[in-house]
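Before any comments, here is the structure.
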Amino acid sequence: MTYTFFTNRPAFVHFYLFRKTLTRSQTKILTEQFTFYRRLDAKNQSYFRHRVTTFMQSKVFVGKAGFEITDEVKVLVSATAMMLTFGFRDFSIKAVKNIVIYPTKYFSEVNKVYHKGEFNANLNTLVLSWDSFLDGYRIEDDKLNLGIHEFAHAIHFNCIYQEDINSVIFIDTFNELRALLAKDEILKNKLVSSEYLRHYAFTNDFELLAVILETFIETPQAFRNQFPLIYFKVRQMLNFNFPRY
């Protein structure tokens with residue numbers, strides 16, 4: 001706790017008595033299709049594979065509208081979640097128990113509109129449309145990534161109700177960021193007028209966080225150059241000390 005107090009980081013992140021691993025074909029999917037994983041060193045790749053395997057085994061994946069859940073689907077969706085929590089000691093995202101995948105956008109009977117994805121906290125369910133999920137990774141620097149966006153909502157909600165060290169750091173730092181933007185009108189006006197964050201970010205706090213995380217993951221150097229104070233707050237929230245960040 002003393003270390004965390006002075007550094008705003010957990011004393012350790014990775015400790016596993018037995019590391020799980022992916023199959024050879026699953027590892028091939030991760031290597032060929034997930035840039036973040038390729039940039040890690042061998043030791044962190046091993047940790048990442050363990051976490052992806054553990055996450056896949058702990059969640060229920062459901063295909064809707066005829067969509068088939070394949071290894072590619074489970075690996076890439078799980079890798080997205082594990083990327084965002086790779087600096088966390090507790091990476092399980094307990095708020096998500098079910099992951100529902102549609103082939104394309106789907107009609108919501110609740111609000112009578114089409115959705116590409118959503119996180120339903122009441123049902124502990126994260127919903128994604130597969131074509132939009134893949135679009136998020138086809139262009140890796142456009143600051144639009146459905147998987148990151150929806151998992152950001154789930155992680156945000158999860159951290160509010162958890163008391164592990166990373167959840168506390170995450171929420172405390174986000175509150176600091178909110179206070180900073182509320183207090184420093186020059187910085188907030190600069191952020192809004194720059195259009196670096198799409199306007200949707202300013203809908204509410206949950207959307208602000210989700211869009212910020214999309215932007216941080218996809219364009220870290222531009223983020224750091226344009227808004228260094230905000231960038232380092234986000235880096236602290238995620239405990240992100242990895243290649244390119």
Side-chain angles (χ1 to χ4, degrees), residues 3-4 7-23 26-27 29-31 33-61 71 73-99 119 121 124-126 128 133 136-137 145-174 209-210 212-214 216-217 220 234-245:
Y3 177 87
T4 301
T7 65
N8 283 312
R9 297 179 60 189
F12 68 91
V13 172
H14 301 287
F15 178 76
Y16 316 109
L17 291 176
F18 303 100
R19 288 186 214 168
K20 298 179 181 180
T21 190
L22 299 167
T23 66
Q26 290 170 337
T27 301
I29 293 167
L30 197 58
T31 303
Q33 300 186 52
F34 210 75
T35 303
F36 179 83
Y37 172 79
R38 288 199 302 272
R39 292 194 178 115
L40 297 174
D41 60 29
K43 180 175 70 174
N44 278 302
Q45 285 186 343
S46 174
Y47 294 154
F48 197 83
R49 292 193 300 272
H50 166 79
R51 288 186 169 206
V52 169
T53 304
T54 303
F55 187 84
M56 284 196 305
Q57 293 175 349
S58 67
K59 309 303 178 185
V60 177
F61 287 81
D71 272 356
V73 174
K74 291 193 289 187
V75 168
L76 294 182
V77 171
S78 300
T80 300
M82 296 302 92
M83 172 176 62
L84 291 172
T85 59
F86 201 50
F88 288 23
R89 188 183 304 169
D90 181 354
F91 57 89
S92 57
I93 316 181
K94 296 179 179 66
V96 176
K97 295 181 180 178
N98 310 295
I99 299 175
F119 168 63
N124 298 117
T125 298
L126 188 136
L128 299 167
F133 175 87
Y137 286 107
N145 187 299
L146 177 68
I148 292 173
H149 189 98
E150 298 306 334
F151 272 115
H153 286 321
I155 292 166
H156 188 178
F157 181 86
N158 191 78
C159 287
I160 290 172
Y161 294 100
Q162 299 298 318
E163 297 182 354
D164 63 281
I165 191 63
N166 284 105
S167 293
V168 172
I169 292 171
F170 186 95
I171 294 301
D172 285 352
T173 308
F174 182 59
L209 177 61
I212 281 180
L213 292 193
E214 284 178 278
F216 175 85
I217 294 294
V234 179
R235 194 169 183 258
Q236 179 177 296
M237 285 169 57
L238 297 177
N239 189 31
F240 236 60
N241 185 25
F242 307 115
R244 195 170 173 244
Y245 297 94

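What you see below is based on every heavy atom in this structure, not just the backbone, and it leaves out hydrogens, waters and symmetry mates.
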Minimum heavy-atom distance [X]-[Y], with the two atoms named:
| X | Y | result |
| --- | --- | --- |
| A210 | A152 | CA-CB, 3.7 Å |
| N44 | D41 | N-OD1, 2.8 Å |
| R51 | T85 | NH1-O, 2.9 Å |
| G147 | T80 | C-CG2, 3.7 Å |
| A79 | L30 | CB-CD1, 3.7 Å |
| G87 | P10 | O-CG, 4.4 Å |

Would you give the length of the straight line joining atom [atom1] of [X] to atom [atom2] of [Y], rounded to the nearest 0.5 angstrom?
| X | Y | atom1 | atom2 | value |
| --- | --- | --- | --- | --- |
| T31 | Q26 | OG1 | CD | 11.5 Å |
| I217 | H149 | CD1 | NE2 | 14.0 Å |
| L209 | C159 | CG | SG | 9.0 Å |
| I171 | I160 | CD1 | CD1 | 5.0 Å |
| L22 | R49 | CG | CZ | 7.0 Å |
| M237 | I155 | CE | CD1 | 9.5 Å |

Determine yes or no for a side-chain-to-main-chain donor-acceptor pair under 3.5 angstrom, with [X] supplying the side chain and [Y] the backbone.
| X | Y | answer |
| --- | --- | --- |
| E214 | N145 | yes |
| K94 | N158 | no |
| N124 | K97 | no |
| R235 | Y245 | yes |
| E163 | V168 | no |
| D172 | F174 | no |
| N98 | T125 | no |
| T173 | F170 | no |

| Who passes side-chain contact (heavy atoms from CB on, under 4.5 Å) against R19, sequence neighbours left out? | Y16, S46, Y47, H50

| Residues in side-chain contact (heavy atoms from CB on, under 4.5 Å) with Q57, at least two apart? |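 K20, T53.
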
Contact check, side chains of [X] and [Y], non-hydrogen atoms, under 4.5 Å:
| X | Y | value |
| --- | --- | --- |
| I148 | Y137 | yes |
| L84 | I93 | no |
| V77 | F61 | yes |
| Y37 | Q45 | yes |
| T23 | T27 | no |
| K59 | F55 | yes |
| L238 | F216 | yes |
| F91 | T54 | yes |

| said: Applying side chain to side chain contact (heavy atoms under 4.5 Å, CB included) to I29 and D71, what does each step give before you reach the verdict? | reply: CA-CA 8 Å; I29 293 167; D71 272 356; 4.1 Å; yes

Please confirm whether the ring centroid of [X] lies under 6.0 Å from the ring centroid of [Y].
| X | Y | value |
| --- | --- | --- |
| F119 | F151 | no |
| F157 | Y161 | yes |
| H14 | F86 | yes |

| field | N239 versus R89, side-chain donor and acceptor atoms under 3.5 Å | value |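 Per modelled atom types, R89 and N239 side chains form no pair under 3.5 Å.
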
